[in-house]
Colleague: 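Let me give you the structure first, and then I'll get to my questions.
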Protein chains: 2
Amino acid sequence: MGLTKSEIFTTEQNEISSIAKVFGHPARVAILQHLFKINSCICGDLVEEIGLAQPTISQHLKELKKIGLIKGNITGTSICYCIDKENWTNMKTTLSVFLNQDLNDNSNCC
Amino acid sequence: MGLTKSEIFTTEQNEISSIAKVFGHPARVAILQHLFKINSCICGDLVEEIGLAQPTISQHLKELKKIGLIKGNITGTSICYCIDKENWTNMKTTLSVFLNQDLNDNSNCC
DNA sequence: TTTATTCATCGTAATATTGCAATATAATAA
DNA sequence: TTATTATATTGCAATATTACGATGAATAAA
């Protein structure tokens, strides 16, 4: 089917998987790393930097924007996209609850 | 195309996205949460617990096993799958490098 | 041996994702 | 106005993912 049955899962589970899904492509990981590295807005070099066609990059940016990890818009003839710090922090909080659930786990099964 | 161009990305970028991809489905998030909650092996209640058909669950378990986050096998007539603690910790380390890259970031662009 | 139970695998249908060429849009430059 | 430049959108082909019925394999129970 290809259609995820989101309705049978909790809000938290859907939220975690939505975030993870966005990180689930190396181009989007690369875009975010580049944004942190240049420490400012994207200024057109992203297509060369990543090595994918311009429409493909645009599509990945759209998904990153949709989930709120980047913000900004085109200004004049160049984009101004950068990390949304507040949402990035919130995202980390959501993920860390999931990732750190092993802290109080003392089982020894397998 | 549907085919990710992995070869143009770094090993780290591909590794991060591979991990994230596995978390990119609520059923797999739910399975992992359940495994931490019951604090032992899965004992057959997973299909009822999650609410998807048995072959579907089996498929998700296969992916979790493939990436190393769970380990175990069937023993007799029941499965014995549980979290692979060592790999879970390694996974967290890999992800945290990516997630915490904002720590030294003082920019103020958008 | 036969039957029941449990999980894996196979096959397949439906939907999603990825990538890009072509085109559209919008702002600036000449 | 007419380029030019930069990004977004559209449309489409190829591949991937999700889900499940049917079936297979392995063990345990009768």
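Scope of the values below: all heavy atoms of this structure, side chains included, with no hydrogens, waters or symmetry mates. Quick note on labels: first sequence line is chain A, next is B, and so on, each numbered from 1.
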Colleague: Can you tell me if the side-chain N/O atoms of A/Lys21 get under 4.0 Å from OP1 or OP2 in C/dT17?
Modeller: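 It does, given that an N or O in the side chain of A/Lys21 lies less than 4.0 Å from OP1 or OP2 of C/dT17.
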
Colleague: Output yes when A/Lys65 and A/Asp84 qualify as a salt bridge under the 4.0 Å nitrogen-oxygen rule, no when they do not.
Modeller: no

Colleague: Using the side-chain heavy atoms of B/Leu3, tell me which of these nucleotides is nearest: D/dT15, D/dA19, C/dC20.
Modeller: D/dT15

Colleague: Taking for each residue the nucleotide of DNA chain D bearing the nearest heavy atom, is the 5' side occupied by A/Ser6 or by A/Thr56?
Modeller: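 By nearest-heavy-atom nucleotide position, the 5'-most residue is A/Thr56.
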
Colleague: With a cut-off of less than 4.0 Å, is there a side-chain N or O of A/His60 near OP1 or OP2 of C/dT17?
Modeller: no

Colleague: Can a side chain N or O of B/His25 be found less than 4.0 Å away from OP1 or OP2 on D/dA19?
Modeller: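 Looking at the OP1 and OP2 atoms of D/dA19, one of them is under 4.0 Å from a side-chain N or O of B/His25.
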
Colleague: Whole angstroms only, please: what is the CG-P distance between A/Leu61 and D/dA6?
Modeller: 16 Å

Colleague: Examine the base of D/dA6 for any acceptor or donor lying under 3.5 Å from a partner atom in the side chain of A/Gln54, and report the outcome as yes or no.
Modeller: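 Result: no qualifying N/O pair found.
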
Colleague: To the nearest angstrom, how far is B/Ile70 atom CD1 from C/dC7 atom P?
Modeller: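 Taking atom P of C/dC7 as the reference, CD1 of B/Ile70 is at 13 Å.
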
Colleague: Output yes when at least one side-chain N/O atom of A/Ser58 is less than 4.0 Å from OP1 or OP2 of D/dA8, else no.
Modeller: yes

Colleague: May I ask you to verify if any side-chain N or O of B/Tyr81 is less than 4.0 angstrom from the OP1 or OP2 atom of C/dT6?
Modeller: no

Colleague: Looking only at N and O atoms, is any donor in the side chain of A/Gln59 or the base of C/dC20 less than 3.5 Å from an acceptor on the other one?
Modeller: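 For A/Gln59, whose side chain was compared with the base of C/dC20, there is a donor-acceptor pair (under 3.5 Å).
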
